[in-house]
Amino acid sequence: MTLLRINGLGLEIHGTPILRDVSLEVARGGITGVIGESGSGKSLTAYSVMQLLPEGSAPRGEVLLDGRDIALLDEAALCRMRGNDVSMIFQEPMTALNPVRTIGDQVAETILIHAPRTSRRAARRRAAETLERVGLPGDQFPLSRYPHEMSGGQRQRVVIAMAIALRPKLLIADEPTTALDVTTQAQILDLLKGLVAEDGMGLMMITHDLAVVSDMADDIVIMKSGEVVEQGPARQIFGAMTHPYSRALMEASGHVPERAGAAADAPLLEVRDVIRDYPMARRHVLGPSRMFRAVDRVSFNLAKGESLGLVGESGCGKSTLTRAILGLDPIQGGEIRLGGEVVTAGHSVSREQRRKMQVVFQDPYGSFNPRHRVGRLVCEPFHLFDRQPRSDERDTALANALESVGLKADDANKYIHEFSGGQRQRIAIARALIIRPELIILDEAVSALDVSIRAQILDLLADLGDRFGLSYLFISHDLSVVRSITDRVMVMKSGRIVEAGETAQVFDTPAHAYTRSLIAAAPRLPDHAAAT
Amino acid sequence: MRRLIPSRNLVVGAVLTAGFAGLALISFVWTPYGVTGVDIANRLKPPGGGYVLGTDQFGRDILSMVMVGARTSIAVALIAVGIGILLGVPLGLAAAARRGGVLDEVIMRANDLIFAFPSLVIAILITAIFGPSAVNAIIAIGIFNIPVFARLVRGGAIALWQRDYVLSARVAGKGAARISAEHILPNLANLLIVQGTIQFSLGILAEAGLSYVGLGAQPPVPSWGRMLAESQTLISIAPHIALFPGLAIVLTVLGLNLLGDGLRDILDPRIRKTRR
């Protein structure tokens with residue numbers, strides 16, 4: 001039974017073609033996974049179904065919901081349809097909820113808007129039932145909770161409750177788990193699967209990650225540059241991909257860069273019993289200030305030329321540890337040595353020590369001052385030299401750094417907004433590389449990138465590591481990435497390292513229960529798919 | 001560069017502001033009549049005839065007075081805003097850089113202290129102690145601009161200190177002062193331009209208020225506030241001598257506020273998206 005049928009959908013925004021001849025179907029009680037990288041038009045396809053298109057849009061083709069063409073409905077009918085028949089879940093659970101209203105009010109409100117004759121009490125009762133269905137039972141999560149009192153996964157459950165409160169026929173989920181940790185992601189995916197089965201809803205699941213939909217979708221649609229390049233039943237698609245782009249996408253998501261990986265025995269970074277406490281808010285005005293231990297007696301060694309992974313979920317203390325190693329925050333106990341010398345936090349870190357390490361952050365959009373040109377941005381670490389390089393030395397180093405990350409030397413004169421996310425991450429690597437440090441800390445450096453771009457950046461990192469004998473501390477929540485590029489890996493939970501060892505060994509025979517749960521939760525492509 | 005789509009507010013505000021600034025500049029080289037001479041024969045002339053806006057009780061041309069008065073108002077307000085920016089911005093940057101530290105507390109509590117006093121009363125106090133003059137008016141208004149800019153900059157800067165590019169700069173060994181100058185301040189420029197415009201209009205109002213009670217620029221330097229004060233007793237016989245300086249104040253303040261609003265619409269990306 002077809003619930004939603006999109007037929008030859010085309011879209012132009014201010015004359016720029018965005019979508020071309022997109023056709024897909026969602027069956028009642030079925031899950032259709034729409035997969036594509038940023039700019040593929042997958043989200044705009046979803047917005048076309050909701051008729052929530054940006055100004056200046058000129059859609060063509062037909063969108064049939066239950067046999068009715070949505071394009072022919074007037075605004076009042078559309079409002080009735082949105083929320084009632086079709087609901088949507090967005091990526092960011094932090095911004096999808098109103099922070100000053102309780103979760104009960106917010107769920108009840110969606111009910112009241114579409115069924116105004118419901119009494120307030122009935123709406124709240126229904127809100128409570130719906131929250132219970134999404135795994136937020138009233139005895140633990142009363143309706144009077146505020147969004148900030150809940151975790152990201154719990155908030156996403158509230159968002160789902162709002163979307164399904166009216167039992168819509170079609171649910172559109174736009175990257176619903178991208179902002180979540182792996183274990184939370186697995187739970188939310190299970191929840192969505194369960195809801196579809198119980199309510200007979202159709203689910204259109206939009207994601208950039210093939211693995212996420214691989215074991216839940218009935219049908220798969222792969223999009224690229226506003227067109228559908230491949231579609232069909234999931235089993236068939238994963239069994240035999242025909243279009244070169246889908247195969248490239250498949251390969252990229254399981255990409256393993258080639259590395260020589262010759263690690264010397266000499267330790268470059270030694271971390272001994274490091275403790276990092278944060279002061280928390282006092283309970284009352286005169287009460288003692290309480291401390292939160294973010295990093296609890298962490299010890300490890302990183303050898304020259306080695307690539308070490310640090311894996312953990314958000315809030316486990318991995319970023320705090322990074323900041324301590326970089327000497328940005330003071331530590332409350334233990335010792336960090338870089339090249340044999342103690343790293344002391346704050347402004348007393350010597351320039352010589354700072355010259356040995358550099359960092360690449362996650363967000364390719366927030367890592368650069370938008371008001372400086374690329375040349376100035378990349379050259380910033382030169383500040384660490386006592387003698388500033390002459391301008392010709394500087395230009396040579398700049399050109400070398402940009403070229404070694406696959407950019408052109410004259411990109412130095414451009415502003416950062418002229419570059420895409422992947423290019424910006426290359427620039428961030430160039431900035432880290434320009435003073436030839438021994439250690440580069442990669443804090444979720446590829447997490448925000450599309451899979452094919454991510455594969456390229458991983459290749460680049462592997463190549464640079466071999467060429468310049470770099471050591472990497474690779475921090476990520478993404479297990480597959482860590483697995484592909486590290487020699488050894490550490491698993492961190494609640495400020496402690498619970499397991500450490502050779503990467504292959506940790507992944508194949510995890511010893512700690514937490515490591516096992518992380519590995520089990522990580523979405524995986526079907527095994528037979530990789531062979532094709 | 002961003003597209004500059006001028007809104008109606010912006011255009012009206014810019015025209016009004018430019019108009020008064022133009023009048024003030026022209027007055028340096030030319031005014032229809034002198035503003036210091038007394039011409040009893042032509043006192044209280046209504047608008048029209050040889051005097052476009054009429055004359056006051058001493059026979060001085062009101063248009064000339066308004067033009068020269070614009071000079072005083074704009075100079076006082078501009079310098080006062082300058083004091084606020086020059087002292088308030090570094091204080092705000094320093095407080096943000098040492099967030100939660102002693103310096104932050106000292107700076108911000110001192111700001112609270114200034115904020116706690118009603119500004120006009122303190123301005124009257126200062127001018128009463130040090131004697132009424134344009135310079136003391138500038139200082140009095142300027143002091144109250146300091147906490148406005150310090151708070152604004154601290155708030156904006158704290159958010160920017162969390163950015164990754166600031167972390168990168170710290171990894172590159174740059175100190176707080178250098179990061180503030182290179183990475184924080186340029187990204188707060190929009191905020192400062194908008195707030196500066198609005199403080200400018202408040203400065204003009206404050207100057208007019210101080211002059212009205214006789215604590216601003218002293219005679220014979222013309223000033224809008226004192227023109228209003230002097231016209232008080234004659235308002236029933238010759239309303240025009242109160243009307244025109246009053247209009248000048250209203251239109252300048254309106255113009256600057258519209259300009260500030262318009263600039264904010266263009267420069268603040270958050271508002272730019274939602275408002276058309």
Side-chain angles (χ1 to χ4, degrees), chain A residues 54-55 278-279 319 322-323 325-329 345-372 376-386 415-417 424-425 427-428 431-432 434-435 437 439-441 443-445 448, chain B residues 1-5 89 93-94 96-105 109 153 156-194 266-276:
Chain A
E55 262 177 73
Y278 277 116
S319 289
T322 319
R323 294 171 63 105
I325 294 171
L326 286 167
L328 296 175
D329 288 340
H347 299 279
S348 53
V349 181
S350 70
R351 290 166 166 220
E352 275 138 76
Q353 270 187 330
R354 284 223 191 275
R355 255 177 282 178
K356 289 183 196 154
M357 56 185 166
Q358 283 295 311
V359 63
V360 178
F361 293 106
Q362 169 175 8
D363 181 6
Y365 294 89
S367 302
F368 300 98
N369 186 341
R371 296 187 177 257
H372 291 173
R376 183 166 177 193
L377 293 168
V378 171
C379 285
E380 189 162 48
F382 274 135
H383 183 73
L384 291 169
F385 288 101
D386 300 321
Y415 281 100
I416 197 71
H417 66 254
R424 287 177 198 216
Q425 215 57 336
I427 294 170
R431 172 168 66 185
I434 194 163
I435 55 167
L439 170 65
I440 295 186
I441 297 181
D443 189 355
E444 303 274 9
Chain B
M1 260 325 279
R2 291 187 186 123
R3 291 176 301 159
L4 291 177
I5 315 160
V89 169
L93 288 174
R98 294 278 173 271
R99 185 188 179 190
V102 179
L103 186 65
D104 183 20
E105 285 294 317
R109 294 302 80 78
V153 165
I158 282 175
L160 291 175
W161 270 96
Q162 311 300 321
R163 296 285 175 90
D164 284 346
Y165 58 80
V166 171
L167 279 182
S168 299
R170 291 177 66 194
V171 172
K174 290 188 173 169
R178 193 164 178 144
I179 289 175
S180 294
E182 277 183 16
H183 292 298
I184 309 277
L185 192 54
N187 287 298
L188 291 174
N190 297 349
L191 222 58
L192 286 175
I193 290 171
V194 172
I266 288 182
L267 297 176
D268 188 335
R270 278 166 303 177
I271 297 180
R272 197 159 32 121
K273 264 183 198 155
T274 51
R275 263 210 245 168
R276 267 288 151 96

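Small disclaimer: the values here were computed from a predicted structure and weren't measured. Residue numbering restarts at 1 for every chain, and letters A, B, ... go by the order of the sequence lines.
- Scanning all heavy atoms of the two residues, the minimum distance from P381(A) to R431(A) falls at CG-O, 3.2 Å.
- Of the atoms belonging to L384(A), heavy atoms from both backbone and side chain fall under 4.5 Å from chain B.
- Looking at L160(B), there are no atoms closer than 4.5 Å to chain A (heavy atoms on both sides), in backbone or side chain.
- Closest approach of I179(B) and K174(B) over heavy atoms only: CD1-O, 3.6 Å.
- Expressed to the nearest 0.5 Å, how far CE of M357(A) lies from OG1 of T322(A) amounts to 11.5 Å.
- If you measure heavy-atom distances from R376(A) to chain B, the contacts under 4.5 Å come from the side chain alone.
- Of the N and O atoms on the side chains of H183(B) and E380(A), at least one donor lies less than 3.5 Å from an acceptor on the other residue.
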